[in-house]
Amino acid sequence: MSNSSSSINQFLLLPFADTRELQLLHFCLFLGIYLAALLGNGLIIITIACDHRLHTPMYFFLLNLSVTDLGCICTTVPKSMANSLWDTRAISYTGCLAQLLFVVFFMTTEYCLLTVMSYDRYVAICHPLHYGTLLGSRACVHMAAAAWASGFLNAVLHTANTFSLPLCHGNAVDQFFCEIPQILKLSCSHAYLRETGLIVVSACLGFGCFVFIVVSYVQIFRAVLRIPSEHGRHKAFSTCLPHLAVVSLFLSTDFFAYLKPPSISSPILNQAVSFLYSVFPPAVNPLIYSMRNQELKVSMWKLLTGCF
């Protein structure tokens with residue numbers, strides 16, 4: 001193979017299993033997770049869209065979050081299932097490019113939405129009298145649009161930069177989907193510094209969002225602890241805990257995936273960690289949000305029984 005990326009017309013993804021029986025088991029497990037994510041997130045989207053009582057800022061952002069979860073899992077899982085079913089590893093050059101673009105797009109947008117949702121909870125608990133003013137319908141649309149635009153811009157920059165690099169180390173990707181670190185491993189040693197610089201800039205912006213989320217929740221907890229009644233404290237905490245759980249899951253898996261020491265890195269561990277941050281959250285986020293949210297559960301039940 002030529003040392004130029006122009007000679008590469010496909011990449012080889014890392015399989016989850018080598019034997020036919022394990023490949024079919026992987027297909028069945030991923031199919032179950034995929035269908036659960038489609039059902040859970042789809043149900044949340046339809047419920048919020050159909051029930052006018054849920055047309056509030058918190059549920060508007062939750063609807064957007066469910067869309068990003070659907071997008072993320074639909075980008076990675078179907079191709080992995082198809083490869084296991086048909087006993088192949090191949091993904092086209094264009095398919096790999098599109099996969100990387102959409103993974104970065106949906107994950108960046110999700111992180112931005114989680115940041116905006118922390119602001120929503122901060123205003124709702126710390127400044128309830130100004131909630132309608134600070135989070136009116138126009139402001140919510142603008143914040144959601146900014147999150148989606150930020151995700152798209154970040155994805156385009158990273159994808160264009162990554163795939164403009166010359167590839168000198170073959171076409172075997174050590175992952176079950178195309179992601180930036182694995183493509184960079186295939187690039188020439190002198191060529192990846194530009195993309196590394198872009199990653200550092202994105203990491204700094206991501207750290208800024210992380211600080212914003214932490215500061216928001218510090219203020220929220222301080223405000224909740226000042227509520228005199230136990231019932232009031234419990235009600236305030238119950239509106240924040242699902243978001244806090246989703247943020248913790250998202251950040252912990254991402255941090256471990258990209259900041260783990262190279263000494264403990266291995267293809268199997270990389271696959272497991274990537275599964276945790278790209279496949280697991282979209283499947284469990286609907287459960288996290290609906291488990292402690294009585295209003296959402298009632299609306300879902302009414303939707304399922306046709307009582308709207």
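What's counted below: heavy atoms across the whole structure, side chains too, no hydrogens, waters or symmetry copies. We're numbering straight along the sequence, starting at 1. Quick caveat: nothing in here was measured; it's all calculated off a predicted structure.
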Exercise for review: Going by the side chain to side chain contact (heavy atoms under 4.5 Å, CB included) test, name the single residue among I213, L205, V116 that passes it with Y111.
Suggested key: I213
Review point. Are L54 and V141 joined in one hydrophobic group, where the rule is that I, L, V, M, F, W and Y side chains link up if heavy atoms are under 4.5 Å apart?
Key: yes
Point to revise | Joint hydrophobic cluster, L244 plus V214, side-chain heavy atoms closer than 4.5 Å | key: yes
Practice item. Provide the closest heavy-atom pair for N41 versus L70 in the form atom of the first, atom of the second, distance. Key: CB-CG, 3.6 Å
Check your understanding: Is the closest side-chain donor-acceptor distance between S274 and Q175 under 3.5 Å?
Key -> yes
Point to revise | Side-chain heavy atoms of F210 within contact of T115, under 4.5 Å | key: no
Point to revise | Under 3.5 Å: donor-acceptor pair, side chain of S84, backbone of M81 | key: no
Review point. Where is the tightest heavy-atom contact between Y289 and M117, given as atom of each residue plus distance?
Key: OH-CE, 3.2 Å
**Study point:** Distance-minimising heavy-atom pair for A223 and I125
**Key:** CB-CG2, 4.1 Å
Check your understanding: Counting distance only, does the side-chain N/O of N171 pair as donor-acceptor with the main-chain N or O of Q10 below 3.5 Å?
Key -> yes
Point to revise | Distance-only polar pair, side chains of H127 and Y122, donor-acceptor under 3.5 Å | key: yes
**Study point:** Side chain to side chain, L22 and H26, heavy atoms closer than 4.5 Å
**Key:** no
Practice item. Would you list the pairs meeting side chain to side chain donor-acceptor pair (under 3.5 Å) in which at least one residue belongs to residues 207-216, sequence neighbours left out? Key: none
Check your understanding: Does S299 reach the main-chain N or O of L296 with its side chain, forming a donor-acceptor pair under 3.5 Å?
Key -> no
**Study point:** Sidechain-backbone polar pair: K79 side chain, A90 backbone, donor-acceptor under 3.5 Å
**Key:** yes
**Study point:** Taking every non-hydrogen atom, the tightest pair across E110 and L65
**Key:** CG-CD1, 3.5 Å
Check your understanding: Using the ring of each side chain (for Trp, its six-membered ring), is Y93 parallel, tilted or perpendicular to F11, with breaks at 30° and 60°?
Key -> parallel
Check your understanding: How many angstroms lie between atom CZ of F102 and atom CG of L97, to the nearest 0.5 angstrom?
Key -> 10.0 Å
Check your understanding: Under a single-linkage definition using a 4.5 Å side-chain heavy-atom cutoff for Ile, Leu, Val, Met, Phe, Trp and Tyr, are L241 and L249 assigned to the same hydrophobic cluster?
Key -> no
Study note, to complete from the structure: d(I44 CD1, L303 CG) to nearest 0.5 Å is 12.0 Å
Point to revise | Approximate separation, where rounding is to 0.5 Å, of L157 CG and F152 CZ | key: 9.5 Å
Point to revise | Side-chain (H55) to main-chain (F60) donor-acceptor, under 3.5 angstrom | key: no
Practice item. Output the distance between atom SG (C178) and atom CG (L13), rounded to the nearest 0.5 Å. Key: 5.0 Å
Exercise for review: Answer with yes or no whether the hydrophobic clustering places L251 together with F207; edges join I, L, V, M, F, W, Y residues whose side-chain heavy atoms lie under 4.5 Å apart.
Suggested key: yes
Practice item. Decide yes or no for M143 and L135: does some side-chain heavy atom of the first lie under 4.5 Å from some side-chain heavy atom of the second? Key: yes
Check your understanding: Any side-chain heavy atom of C74 within less than 4.5 Å of one from F106?
Key -> no
**Study point:** Residues D120, Y131; criterion side-chain hydrogen bond (donor to acceptor under 3.5 Å, both in side chains); working and verdict
**Key:** CA-CA 8 Å; D120 167 71; Y131 188 71; 2.5 Å; yes
Exercise for review: Just say parallel, tilted or perpendicular for the rings of F30 and F176, cut-offs at 30° and 60°.
Suggested key: perpendicular
Check your understanding: Of the non-hydrogen atoms in A283 and P286, which two are nearest, and what is the gap between them?
Key -> O-CD, 3.7 Å
Exercise for review: Kindly determine whether I183 and C96 satisfy side chain to side chain contact (heavy atoms under 4.5 Å, CB included), including the steps that lead there.
Suggested key: CA-CA 10 Å; I183 301 298; C96 185; 3.9 Å; yes
Practice item. Scan for side chain to side chain donor-acceptor pair (under 3.5 Å) pairs involving residues 142-156, sequence neighbours excluded, and state none if there are none. Key: N64-W148, T108-N154, N154-H158, N154-S202
Practice item. May I ask whether V284 and L35 are part of the same hydrophobic cluster, defined by side-chain heavy atoms of I, L, V, M, F, W, Y residues being less than 4.5 angstrom apart, directly or through others? Key: yes
Practice item. Anything under 30° is parallel, anything over 60° is perpendicular, the rest tilted; go ahead and classify Y217 against F221. Key: tilted
Practice item. In a single word, yes or no, tell whether C209 and C112 have an SG-SG distance below 2.5 angstrom. Key: no
**Study point:** Flag side-chain contact, heavy atom, 4.5 Å: V156 against L153
**Key:** no
Point to revise | Over 12 non-hydrogen atoms of neighbours within 6.0 angstrom of CZ in R20 | key: yes
**Study point:** Atom pair OG1 (T47) and CH2 (W301), whose distance is rounded to the nearest 0.5 Å
**Key:** 12.5 Å
Check your understanding: Step by step, would you call L14 with V173 a side chain to side chain contact (heavy atoms under 4.5 Å, CB included)?
Key -> CA-CA 6 Å; L14 188 66; V173 179; over 6 Å; no
Revision key, fill the gap. Correct closest heavy-atom pair for Y277 and F177 would be OH-CZ, 3.7 Å
Practice item. Determine whether the side chains of D87 and Q23 contain a donor N or O and an acceptor N or O closer than 3.5 Å. Key: yes
Exercise for review: Would you check if S278 and V103 make a side-chain contact, meaning some heavy-atom pair closer than 4.5 Å?
Suggested key: no
Point to revise | Side chain to side chain, I33 and F275, heavy atoms closer than 4.5 Å | key: yes
Review point. Does atom CZ of F212 have more than 12 heavy-atom neighbours from other groups under 6.0 Å away?
Key: yes
Study note, to complete from the structure: Distance col, row I48:CD1 vs L62:CG, nearest 0.5 angstrom, shows 4.0 Å
Practice item. Evaluate the side chain to side chain contact (heavy atoms under 4.5 Å, CB included) criterion for residues M58 and H243: first the C-alpha distance (whole Å), next the side-chain angles of each, then the deciding distance (0.1 Å), finally the verdict. Key: CA-CA 10 Å; M58 182 177 76; H243 174 258; over 6 Å; no
Point to revise | L63 side chain near Y59 side chain, heavy-atom distance below 4.5 Å | key: no
